[in-house]
Amino acid sequence: MNNKIWTTKKTQKLFNTPLLELIFLAQNIHRKNFKPNTIQISTLLSIKTGACPEDCKYCPQSSRYKTNLKKERLIKINKILDAAIKAKKNGATRFCMGAAWKNPKERDMPYLNKIIKTVKKIGLETCMTLGSLNEKQAKILYNSGLDYYNHNIDTSPEYYKKIITTRNYQDRLNTIKNIRKTGIKVCSGGIIGLGENIKDRMILLMQLANMKIPPESIPINMLVKVSGTPLEKNKDIDPFEFIKIIAIARIMIPKSYIRLSAGRENMNEQTQAMCFMAGANSIFYGCKLLTTPNPNEDKDLKLLNKLGLKIEKKKIKINKINKNINKKEIKFYDATLNN
Ligand code: SAM
Ligand code: DTB
Ligand code: SF4
């Protein structure tokens with residue numbers, strides 16, 4: 001339970017603290033709560049791509065913008081299984097699956113249940129991001145064994161209205177509440193570079209830090225500027241500004257994993273190293289995020305090696321890894337997809 005409230009005054013004070021002082025504070029807090037030199041890695045897969053009815057101005061998958069994206073309907077479990085096995089072989093401990101939906105439909109639930117069960121059988125933690133969920137859907141995913149649900153709040157409530165008009169901030173918070181009521185761990189964070197001001201960044205972090213139970217995992221994304229989206233020409237973020245947000249997030253939310261999320265493809269090694277120094281302890285690993293590039297595995301392993309960072313091992317409670325995958329059953333479910 002969270003009994004520390006971050007007021008505007010206290011948060012403002014952090015934002016006015018010199019960067020190197022913040023990094024020092026953040027690193028100390030980090031070491032009190034996490035094993036040093038250790039990083040959690042997750043691999044992402046887009047399981048339904050593009051044609052999204054929402055109008056998020058940053059997103060290449062919205063149907064409103066011409067982004068040259070190859071659309072794909074919900075993909076077959078067999079294909080998901082292959083990608084999950086590859087991720088596991090490469091060392092990932094969590095497999096995150098994203099769908100460009102406003103929300104899943106009732107008819108999708110049995111299929112999603114089967115996906116979760118299949119991925120878990122190979123010994124990976126599972127995470128999904130599928131848009132809004134009602135209580136019933138959250139419960140179904142929990143009962144299927146889903147470990148994490150990603151649902152970002154992106155920015156401050158005020159600025160959110162300027163970025164997305166097809167849903168509101170409260171809808172996002174309601175879904176997070178529905179996830180919390182189950183036992184699924186919450187993954188929620190934001191994006192830096194949307195054109196927000198310092199106050200919006202402060203409010204974003206206060207929103208996350210002041211939740212009754214803060215999200216266990218907090219992705220901090222740097223906007224990936226995609227041609228055709230309304231934000232394609234946004235101003236670049238100064239890397240130090242970004243590092244500062246990571247350090248403040250670590251100080252305000254000491255016990256959560258902070259993920260250096262989208263945007264690493266455009267960061268040099270030194271910037272990433274400073275983010276780790278400032279308390280980031282998780283990354284997306286694998287050459288693709290959902291639709292845009294991410295550093296390839298070799299490049300990342302070289303960086304982790306140079307920094308002496310070890311991949312966090314998870315003891316996943318699964319008895320028979322790689323066994324019990326019923327190919328016939330998967331074929332049956334795949335046949336229910338009409339694509
Ligand atoms: N449709 C679902 C939703 O919006 O919750 C799930 C997929 S959506 C792509 C997941 C998250 O990716 C968004 O909430 C947003 O924070 C992040 N995202 C999308 N496009 C991005 C971009 N161009 N740069 C950085 N982050 C982005
Ligand atoms: C999150 O915060 N970032 C990831 C994940 N959660 C789903 C997605 C980043 C998407 C970047 C744009 C793309 O590749 O489509
Ligand atoms: Fe759709 Fe999610 Fe992209 Fe928004 S962020 S357009 S909801 S896929």
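When only modelled atom types and interatomic distance are considered, Asp200 and Ser156 share a side-chain donor-acceptor pair under 3.5 Å. Judged by distance alone, the side chains of Asp55 and Thr165 do bring a donor and an acceptor atom under 3.5 Å apart. A donor-acceptor contact under 3.5 angstrom links the side chains of Lys117 and Asn113, judged on distance only. Checking Thr271 against Asn268 by side-chain atom types alone, a donor-acceptor pair falls below 3.5 Å. There is no side-chain donor-acceptor pair under 3.5 Å between Tyr159 and Arg201.
A donor-acceptor pair under 3.5 Å is absent between the side-chain atoms of Glu54 and the main chain of Cys52, judged by distance alone. At least one donor-acceptor pair under 3.5 Å links the side chain of Lys10 to the backbone N or O of Ile5. Judged by distance alone, the side chain of Tyr111 and the main-chain N or O of Ile77 form a donor-acceptor pair under 3.5 Å. Side chain of Lys48 to backbone of Gly50: a donor-acceptor contact under 3.5 angstrom is found. Between the side chain of Ser144 and the backbone N or O of Leu146 there is no donor-acceptor pair closer than 3.5 Å. When atom types are taken as modelled, the side chain of Glu196 and the backbone of Thr155 share no donor-acceptor pair closer than 3.5 angstrom. For the pair Asn296 (side chain) and Cys287 (backbone), a donor-acceptor distance under 3.5 Å is absent. Side-chain N or O atoms of Asn143 include none that pairs as donor or acceptor with a backbone N or O of Ile140 at under 3.5 Å. Side-chain atoms of Gln137 come within 3.5 Å of backbone N or O of Asn134 as a donor-acceptor pair.
Considering every non-hydrogen atom in both Leu208 and Ser188, the closest pair reads CD2-O, 3.5 Å. Between Cys59 and Tyr65, the shortest heavy-atom contact is O-CD1, 3.7 Å. Nearest heavy atoms, Trp6 versus Ala209: CD1-CB, 3.8 Å. In terms of heavy-atom proximity, Ile246 sits nearest to Ile220 at CD1-CB, 4.1 Å. Between Phe276 and Leu307, the shortest heavy-atom contact is CD1-CD1, 3.7 Å. Scanning both residues, Leu130 and Tyr149, for their nearest heavy atoms gives N-OH, 2.8 Å.
Looking at heavy atoms from C-beta onward, Pro219 lies in side-chain contact with Asn152 at the 4.5 angstrom threshold. Here the side chains of Glu241 and Ile198 are in contact, with some heavy-atom distance below 4.5 Å. The shortest side-chain heavy-atom distance between Pro239 and Met222 does not fall under the 4.5 Å cut-off. At a threshold of 4.5 Å between non-hydrogen side-chain atoms, the residues Leu301 and Tyr285 count as touching. Contact check for Leu45 versus Ile75: side-chain heavy atoms found under the 4.5 Å cut-off. For the pair Lys177/Glu135, no side-chain contact is recorded, criterion being any heavy-atom separation below 4.5 Å from C-beta on.
No continuous path of hydrophobic side-chain contacts links Leu304 to Leu44 [ILVMFWY only; heavy atoms under 4.5 Å]. Met277 and Ile251 fall into different hydrophobic clusters, where Ile, Leu, Val, Met, Phe, Trp and Tyr residues are linked whenever their side-chain heavy atoms come under 4.5 Å apart, directly or through other members. Linking Ile, Leu, Val, Met, Phe, Trp and Tyr residues whenever their side-chain heavy atoms come within less than 4.5 Å leaves Ile248 and Ile23 in two separate clusters. Hydrophobic clustering, with ILVMFWY side chains joined whenever heavy atoms are under 4.5 angstrom apart, keeps Phe15 apart from Ile203.
More than 12 heavy atoms of other shown residues, nucleotides or ligands fall within 6.0 angstrom of atom CG in Asn16. Around the CZ atom of Phe24, the shell of radius 6.0 Å holds no more than 12 heavy atoms that belong to other residues, nucleotides or ligands. Other residues, nucleotides and ligands contribute more than 12 heavy atoms inside 6.0 Å of the NZ atom of Lys105. Atom NZ of Lys199 has 12 or fewer neighbouring heavy atoms from other residues, nucleotides or ligands inside a 6.0 Å radius.
Residue Thr129 holds its OG1 atom at 11.0 Å from CH2 of Trp101, rounded to the nearest 0.5 Å. The CD1 atom of Ile153 sits 8.5 Å away from atom CD1 of Ile218, with the distance rounded to the nearest 0.5 Å. Thr43 OG1 to Leu124 CG: the interatomic distance, rounded to the nearest 0.5 Å, is 8.0 Å.
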**Report entry** Steps toward salt bridge (charged side-chain N to carboxylate O under 4.0 Å, His left out) verdict (Glu216, Arg180)
**Finding:** CA-CA 11 Å; Glu216 283 79 4; Arg180 237 331 145 222; 2.9 Å; yes

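Ion pairing of Glu232 with Lys57 is absent here, as no side-chain N (NZ or NE/NH1/NH2) approaches a carboxylate O to less than 4.0 Å. Of the charged side-chain nitrogens involved, at least one lies within less than 4.0 Å of a carboxylate oxygen, so that Arg264 and Asp300 count as a salt-bridged pair.
With Asp147 as the partner, the salt bridge (Lys or Arg N to Asp or Glu O under 4.0 Å) test is satisfied by one option alone out of Arg94, Lys120, Lys185: Lys120. None of Thr229, Asn234, Ile191 except one satisfies the side chain to side chain contact (heavy atoms under 4.5 Å, CB included) rule with Tyr58; the exception is Ile191.
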Just distance, no hydrogens or angles: give the donor-acceptor pairs under 3.5 Å from side chains in residues 252-261, sequence neighbours left out.
residue, atom, partner, partner atom, Å
Lys255, NZ, Asn33, OD1, 3.0
Ser256, OG, Pro215, O, 2.7
Tyr257, OH, Glu312, OE1, 3.3
Tyr257, OH, Glu312, OE2, 2.5
Arg259, NE, Ser282, OG, 2.8
Arg259, NH2, Ser42, OG, 3.3
Ser261, OG, Asn221, OD1, 3.0

